[in-house]
Structure formats: C-alpha cells, structure tokens
Amino acid sequence: MHDRLHDLGNGFWNIRGSFVRDEMIDIGNQSALVRLDSGKFILLDSYTLTGTVKEQVMALTSDGKDIEAVLNVHPFHTVHCAKVAKDFPHATFYGSSRHHQEVPEVDWSADLVESDAVAKRYPELQFSQPKGIDYISSNDSVHSGSLLVYHPASQSLYVDDTFELAPSKLFNDVKADINLHATTLKALKDEADAGQRYCDWALNLAQKWRDVRYFCGAHSGLVVFETGEFAEKLTATIHKARSTLEAG
C-alpha cells in the first residue's frame with residue numbers, strides 16, 4: 001500500500017498509510033493534517049511521513065515548522081509516536097495517559113488529549129469520547145475506545161477504531177456501511193446502563209454530526225457519504241446492535 005495525501009478541502013488533509021500486522025497483512029493506518037485559523041497546523045495521530053507524502057506535507061507547512069502540535073487520539077496507537085516526536089521536536093505532543101506510560105521518551109504535554117483544555121485550544125475541531133465504554137481498556141486487545149474528531153469546515157470525521165467502514169461490493173459499486181469495532185461489547189463498562197449510554201451517545205452523535213461527508217477510518221479507509229447518509233447508516237447500525245449492547 002502506497003501512502004497518499006487526500007485533500008478534503010477547507011484545511012483538512014487525510015493521510016492514508018500502512019500498518020502491517022503479524023508481518024503479513026497490511027490493515028492500513030492514518031493521520032491527518034489540519035490547518036488552523038491562525039495559519040499554523042496540527043497533526044491528528046502520529047504516523048511516520050516518508051516519500052512523496054512527506055514532501056507534500058513539508059511543502060504545506062514551511063518544512064514542518066508550522067506544525068504546532070500532534071494530537072494522538074487513540075490510546076493504543078503508539079507505534080509511531082517516538083519517531084514523529086523526533087521529526088517535529090518543536091511541536092507540542094498531546095496524548096492519553098497510556099501514551100505517557102508507553103512512550104515515556106516523548107515530552108508529552110501535561111494536558112491530556114481528551115481534556116477540555118485541548119478542546120478549547122482548537123475550536124476548529126469538535127471532539128467526542130464514547131460513553132459507556134472504557135477509553136483505555138485494561139485488555140490490550142480491546143481498542144474500541146478513542147477520541148473522535150470532527151472538522152466542520154471540511155465535513156470530515158476522523159475516527160480510529162470506534163467505528164469502522166464495512167464495504168460490500170455490488171455491481172462494481174462500493175457501498176460503505178458503518179460497523180462498530182469488533183471489541184465494543186468487551187469494552188463496555190461494568191455498569192448496568194453502559195450499553196444504553198453507549199447507544200444514546202452514538203445516536204446523539206449521528207444527529208450532531210449529521211453533515212459528515214468524509215469518513216476517515218484508521219484501518220478501514222476513506223469514504224465519501226452523501227448528505228445525511230452518515231447519520232442514517234450510524235443510526236441503523238445502533239438500532240441493530242442496541243439489544244445486544246444493552247444486554248451486555
């Protein structure tokens with residue numbers, strides 16, 4: 001898989017990358033470049049830039065000097081953090097408490113990426129953390145928890161693992177549905193109403209961010225939805241899953 005930079009307009013670029021699991025399967029990876037109102041930039045997630053994509057990002061950001069921060073929004077996506085911190089030593093690095101623990105060599109900001117302080121710092125973006133599930137699971141194989149990021153100006157939703165695209169091919173046309181991460185049931189908090197709170201959160205999100213057109217999924221790709229289609233598909237998925245999730 002070749003890395004690619006996709007210009008989604010109005011100051012948002014999705015970087016599609018590579019992540020080879022078990023030395024066999026490339027499940028894909030992502031990052032995003034976001035231009036702030038100040039003219040500076042931030043990166044969503046740490047991904048090592050190489051080749052043409054690196055040249056493109058450097059050209060946009062004054063050879064990287066205009067990248068002021070990196071927001072690492074998935075607690076379990078830590079592989080590239082140390083390398084990206086070396087590539088952009090002047091940038092402020094934000095992460096979850098797990099990032100601090102797993103990659104202590106990075107000079108992490110004291111403000112956690114999911115904090116209100118970070119959200120207020122970047123009003124160009126909207127953030128949402130799933131309710132009813134663990135953001136950082138004690139089980140290292142449970143990756144449903146993440147901080148979702150929406151960029152209203154470009155109508156781009158950036159999501160690592162929590163939601164995934166489920167493409168099915170029909171007459172050479174790809175229709176993408178939205179799935180919940182396979183570990184969502186395991187991620188539910190040990191609380192009676194955890195499943196209900198997760199479903200209510202997702203349904204509210206579908207309406208709040210119903211204008212989403214570009215869905216950027218970490219391991220499932222980039223898809224363009226028609227107006228209102230994101231809300232319809234996420235709502236349908238939650239309605240199907242609700243009874244199972246509420247049963248826990």
Does the side chain of Gln101 pick up a donor-acceptor pair with the side chain of Arg98 at under 3.5 Å? no

Test side-chain contact (heavy atoms from CB on, under 4.5 Å) applied to Asp161 and His77, step by step: CA-CA 10 Å; Asp161 295 6; His77 289 189; 3.5 Å; yes

Return the minimal non-hydrogen interatomic distance between Val53 and Leu49, and the atom names on each side. CG1-CD2, 4.1 Å

Taking every heavy atom of Asp160 against every heavy atom of Ser146, the minimum-distance pair comes out as O-OG, 3.0 Å

For the pair Gln126 (side chain) and Tyr150 (backbone), establish whether a donor and an acceptor sit closer than 3.5 Å, ignoring hydrogens and angles. no

Is there a side-chain contact (heavy atoms from CB on, under 4.5 Å) between Phe41 and Val57 once you walk through the steps? CA-CA 10 Å; Phe41 294 80; Val57 170; over 6 Å; no

Neighbour count >12 (heavy atoms, 6.0 Å) for atom NZ, Lys186: no

ILVMFWY network linking Leu222 to Leu125, side-chain heavy atoms under 4.5 angstrom: yes

How close do Lys233 and Asp177 get, heavy atom to heavy atom, and via which atoms? NZ-OD1, 2.9 Å

For the side chain of His90 and the backbone of Ile67, is there at least one donor-acceptor N/O pair under 3.5 Å apart? yes

Side-chain heavy atoms nearer than 4.5 Å, only ILVMFWY residues, links allowed to pass through others: does that put Leu203 and Leu205 together? yes

Does the pair Val224 and Leu8 meet the rule for a side-chain contact (heavy atoms from CB on, under 4.5 Å), with working shown? CA-CA 10 Å; Val224 183; Leu8 304 185; over 6 Å; no

Please say which of Asp111, Asp116, Asp37 ends up in a salt bridge (Lys or Arg N to Asp or Glu O under 4.0 Å) with Arg121. Asp111

If you count heavy atoms of other groups shown closer than 6.0 angstrom to CD of Glu226, is the number above 12? no

Is the shortest heavy-atom distance from the side chain of Val34 to the side chain of Val149 under 4.5 Å? no

For the OG1 atom of Thr50 and the NZ atom of Lys54, what is their distance to the nearest 0.5 Å? 8.0 Å

Within the structure provided, determine whether Phe215 and Glu229 are in side-chain contact (heavy-atom separation under 4.5 Å). no

Is the closest side-chain heavy-atom distance between Leu36 and Glu68 below 4.5 Å? yes

Test your reading of the model: is there a side-chain donor-acceptor pair from His80 to the backbone of Ser46, 3.5 Å cut-off? no

Would the distance check show the side chain of Thr237 and the main-chain N or O of Ile178 forming a donor-acceptor pair, the cut-off being under 3.5 Å? yes

Tell me if a side-chain donor or acceptor on Ser144 pairs with a main-chain N or O of Thr162 at a distance below 3.5 Å. no

Any Ser96 side-chain heavy atom under 4.5 Å of Glu114 side chain: yes

Determine the minimum heavy-atom distance between Met58 and Gly64, stating which atoms define it. SD-N, 3.5 Å

Evaluate the side-chain proximity of Pro89 to Asp107: yes if any heavy-atom separation is below 4.5 Å, no if none is. no

Grab the two heavy atoms, one from His100 and one from Ser109, that are nearest each other, plus how far apart they are. CE1-O, 3.2 Å

Aromatic centroids of Trp201 and Phe163 separated by under 6.0 Å: yes

If only side-chain N and O atoms count, and only distance matters, is there a donor-acceptor pair under 3.5 Å linking Ser62 with Asp66? yes

Any luck finding a side-chain donor-acceptor pair between Asp45 and Gln30 under 3.5 Å? no

To the nearest 0.5 Å, tell me how far Leu234 CG sits from Arg210 CZ. 11.0 Å

Any donor-acceptor N/O pair, Thr184 side chain to His181 backbone, under 3.5 Å: yes

Between atom SG of Cys216 and atom CH2 of Trp13, what is the distance when rounded to the nearest 0.5 Å? 13.0 Å

Does the side chain of Asn72 come within less than 4.5 Å of Val84's, by heavy atoms? no

Here the gap from Lys131 atom NZ to Gln196 atom CD, rounded to the nearest 0.5 Å, amounts to 13.0 Å

Checking Val103 against Trp108 for the side-chain contact (heavy atoms from CB on, under 4.5 Å) test, could you report, in this order, the C-alpha distance in whole Å, the side-chain angles of both residues, the deciding distance, and whether it holds? CA-CA 9 Å; Val103 199; Trp108 296 102; 4.2 Å; yes

Would you say Leu112 and Tyr122 are hydrophobically clustered, going by side-chain heavy atoms of ILVMFWY under 4.5 Å? no

Could you work out, with salt bridge (Lys or Arg N to Asp or Glu O under 4.0 Å) as the rule, every residue matching Asp7, not counting sequence neighbours? none

Between atom CZ of Phe225 and atom CG of Asp211, what is the distance when rounded to the nearest 0.5 Å? 13.5 Å

Any side-chain heavy-atom pair of Lys189 and Tyr198 under 4.5 Å: no

If the test is side chain to side chain contact (heavy atoms under 4.5 Å, CB included), which one of Tyr94, Tyr47, Phe93 qualifies with Val70? Phe93

Distance from Ile15 atom CD1 to Arg4 atom CZ, nearest 0.5 Å? 14.5 Å

Least distance between heavy atoms, Ala206 atom then Ala231 atom: O-CB, 3.3 Å

Any heavy-atom pair between the side chains of Glu124 and Ile42 that's under 4.5 Å? no

